[in-house]
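Only one structure is covered here, and it is reproduced in the block below.
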There are 2 protein chains.
Amino acid sequence: MQDLEKILENKNVKPTAMRLLVLQLLRNKNAAVSLTDLEDHFIKSDRTTIYRTLKTFVKNEIAHKIVDGTGITKYALCEENCHCEIETDLHVHFHCKICNETICFPKNKIPYIKLPDGYEADNVSLTVTGICDKCNT
Amino acid sequence: MQDLEKILENKNVKPTAMRLLVLQLLRNKNAAVSLTDLEDHFIKSDRTTIYRTLKTFVKNEIAHKIVDGTGITKYALCEENCHCEIETDLHVHFHCKICNETICFPKNKIPYIKLPDGYEADNVSLTVTGICDKCNT
DNA sequence: CACATAAATGCACTTCCGTTGCACTATAAA
DNA sequence: TTTATAGTGCAACGGAAGTGCATTTATGTG
Ligand SMILES: [Mn+2]
Ligand SMILES: [Mn+2]
Ligand SMILES: [Zn+2]
Ligand SMILES: [Zn+2]
């Protein structure tokens, strides 16, 4: 619990109770979580507080936002030394249509995409949908 | 207007007035469109009808659904001879954060992603966000 | 400690999008 | 013409994101 505070302070985020709890949950879970997931888990806390906590985490590069095609925004902790740089830090995500979990594939970096002249990229999202190993056969 | 009917009939979709109009608009527009876009354009038609038209188009492989990170589902016509196969037919999409348009990059096929054992893919989405050529500088 | 200020939280409410149920209408078949 | 089927329109619902404002908690200063 101690180093959780360090993580937040290193990113200039004050370690409030709510933030520590959300951070802890994100770290213990190996799947991406949605705002509703957190709301259901921390039933005593208000949805808005969790919403703003996540927003703060994304802004301060503690967590990253994931678009998995479900229409529901998911969040996962950034890797160590992540700066959310498009060339180096972004990775593939996988969404299982059976168990409905979305997980990070940090080993699978997103390949470079050559865009036509004039186009400028500042973010890339690559999501694979299908069946995960646990749900397969 | 004649060959629009052919397109629908080839996909076993009856060419109703609404379907022909939506198909025509999709073909004349080089950007992906949302349900709301169509609703605003065909103000005399009901939102539900357009919704179901798009659903029919996707099901019958006339159009494909695009996840561009905005949280709003977009649609665009399939390429000629598209069968929405994951290995051959899927391409990159670009979303401009200035003009808010989402366009297809049919030349940029989505590269093969090697998944860990046990994972099975049935869909892939690769979206680049940034500034398009028209909006750049 | 007392007070002033700023940050974080909680509550209520709104808006937007996707979706569904059901009734009505147009089309096609018998 | 009757009957069945497919398409359309209307109304409503539910989930999710987001905002305004009041209240509480933390911080800092004399
Ligand atoms: Mn991730
Ligand atoms: Mn496309
Ligand atoms: Zn699964
Ligand atoms: Zn643009």
Side-chain angles (χ1 to χ4, degrees), chain A residues 4-5 7-9 11-25 32-60 62-76 95 97 100 102 125 129, chain B residues 4-5 7-9 11-25 32-60 62-76 95 97 100 102 125 129:
Chain A
L4 288 175
E5 296 192 11
I7 294 174
L8 294 182
E9 282 165 0
K11 302 286 189 173
N12 296 313
V13 173
K14 287 183 190 166
T16 67
M18 187 77 256
R19 288 170 179 170
L20 288 167
L21 286 171
V22 172
L23 179 59
Q24 189 182 39
L25 187 143
V33 299
S34 68
L35 175 55
T36 305
D37 290 337
L38 293 168
E39 192 193 4
D40 292 344
H41 193 263
F42 300 117
I43 46 176
K44 295 180 69 181
S45 304
D46 187 74
R47 176 180 193 82
T48 313
T49 305
I50 306 174
Y51 169 72
R52 289 182 178 134
T53 297
L54 290 169
K55 204 172 176 183
T56 302
F57 281 12
V58 171
K59 184 179 151 211
N60 294 62
I62 294 166
H64 63 274
K65 203 184 279 201
I66 301 169
V67 175
D68 66 2
T70 62
I72 298 164
T73 308
K74 307 285 174 64
Y75 302 86
H95 173 73
K97 63 183 179 181
N100 207 30
T102 299
S125 157
T129 306
Chain B
L4 287 176
E5 296 191 12
I7 293 174
L8 295 182
E9 283 165 359
K11 303 284 187 172
N12 296 312
V13 172
K14 286 183 190 165
T16 67
M18 187 76 257
R19 289 171 179 170
L20 288 168
L21 286 171
V22 172
L23 179 60
Q24 188 180 40
L25 187 144
V33 300
S34 68
L35 175 55
T36 305
D37 290 337
L38 292 168
E39 193 190 2
D40 293 344
H41 193 263
F42 300 117
I43 46 175
K44 295 180 69 180
S45 304
D46 185 75
R47 175 180 192 79
T48 311
T49 305
I50 306 173
Y51 169 72
R52 291 181 176 135
T53 297
L54 291 170
K55 203 171 176 185
T56 301
F57 281 12
V58 170
K59 183 179 152 209
N60 295 62
I62 294 166
H64 63 273
K65 202 183 280 199
I66 301 169
V67 175
D68 65 3
T70 62
I72 298 162
T73 307
K74 308 285 175 62
Y75 301 86
H95 173 72
K97 62 185 180 183
N100 206 31
T102 299
S125 157
T129 307

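Chain A is the first sequence line, chain B the second, and so forth, proteins listed ahead of strands; every chain is numbered from 1. None of the values given here were measured: they were computed from a predicted structure.
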Could you check how far [atom1] of [X] sits from [atom2] of [N], rounded to whole Å?
X	N	atom1	atom2	value
A:Asn100	D:dG15	CG	C1'	14 Å
B:Ile50	D:dT8	CD1	C1'	11 Å
A:Lys65	D:dG18	NZ	C1'	11 Å

Nearest-0.5 Å distance that lies between atom [atom1] in [X] and atom [atom2] in [Y]:
X	Y	atom1	atom2	result
A:Leu23	A:Glu5	CG	CD	10.5 Å
A:Glu9	A:Ile7	CD	CD1	10.5 Å
B:Lys65	B:Ser125	NZ	OG	12.0 Å

On DNA chain C, reading 5' to 3', which nucleotide is the first and which the last to sit with an atom under 4.0 Å from a heavy atom of chain B, could you check?
C:dC17 to C:dC22
Listed partners of B:Lys97 passing side chain to side chain donor-acceptor pair (under 3.5 Å), at least two apart:
A:Asp122
Nearest heavy-atom pair of A:Gln24 and A:Leu4: which atoms, and what distance?
CB-CD1, 3.7 Å
Extract from the structure each pairing of a protein N or O with an N or O of nucleotides 19-28 of chain D at less than 3.5 Å, listing the distance.
residue	atom	partner	partner atom	Å
D:dG20	O6	A:Arg52	NH2	3.2

May I ask you to test the [X]-[Y] pair for a side-chain heavy-atom distance under 4.5 Å?
X	Y	answer
B:Asp40	B:Thr36	yes
A:Tyr75	A:Leu38	no
B:Glu39	B:Asp46	no

Under 3.5 Å, which donor-acceptor pairs link side chains of residues 66-74 of chain B to any protein atom two or more places apart or in another chain?
residue	atom	partner	partner atom	Å
B:Asp68	OD1	B:Thr70	N	3.0
B:Asp68	OD1	B:Thr70	OG1	2.6
B:Asp68	OD2	B:Lys74	NZ	2.7
B:Asp68	OD2	B:Thr102	OG1	2.5
B:Thr70	OG1	B:Ile72	N	3.1
B:Lys74	NZ	B:Thr102	OG1	3.4

Taking it one step at a time, do A:Thr49 and A:Phe42 satisfy side chain to side chain contact (heavy atoms under 4.5 Å, CB included)?
CA-CA 11 Å; A:Thr49 305; A:Phe42 300 117; over 6 Å; no
Positions of residues 69-76 of chain B (non-hydrogen atom under 4.0 Å from DNA chain C), listed by number:
B:Ile72, B:Thr73
Acceptor/donor pairs from residues 11-21 of chain A side chains to any protein atom, 3.5 angstrom cut, sequence neighbours excluded:
residue	atom	partner	partner atom	Å
A:Lys11	NZ	A:Glu61	O	3.3
A:Thr16	OG1	A:Arg19	N	3.3
A:Arg19	NH1	A:Lys14	O	2.9

Looking at every strand, decide which applies to A:Thr36 at a 4.0 Å heavy-atom threshold: base, sugar-phosphate, or nothing.
sugar-phosphate
Need to verify one output field. Residue with the more 5' nearest nucleotide on DNA chain D, A:Arg47 or B:Ala17?
B:Ala17
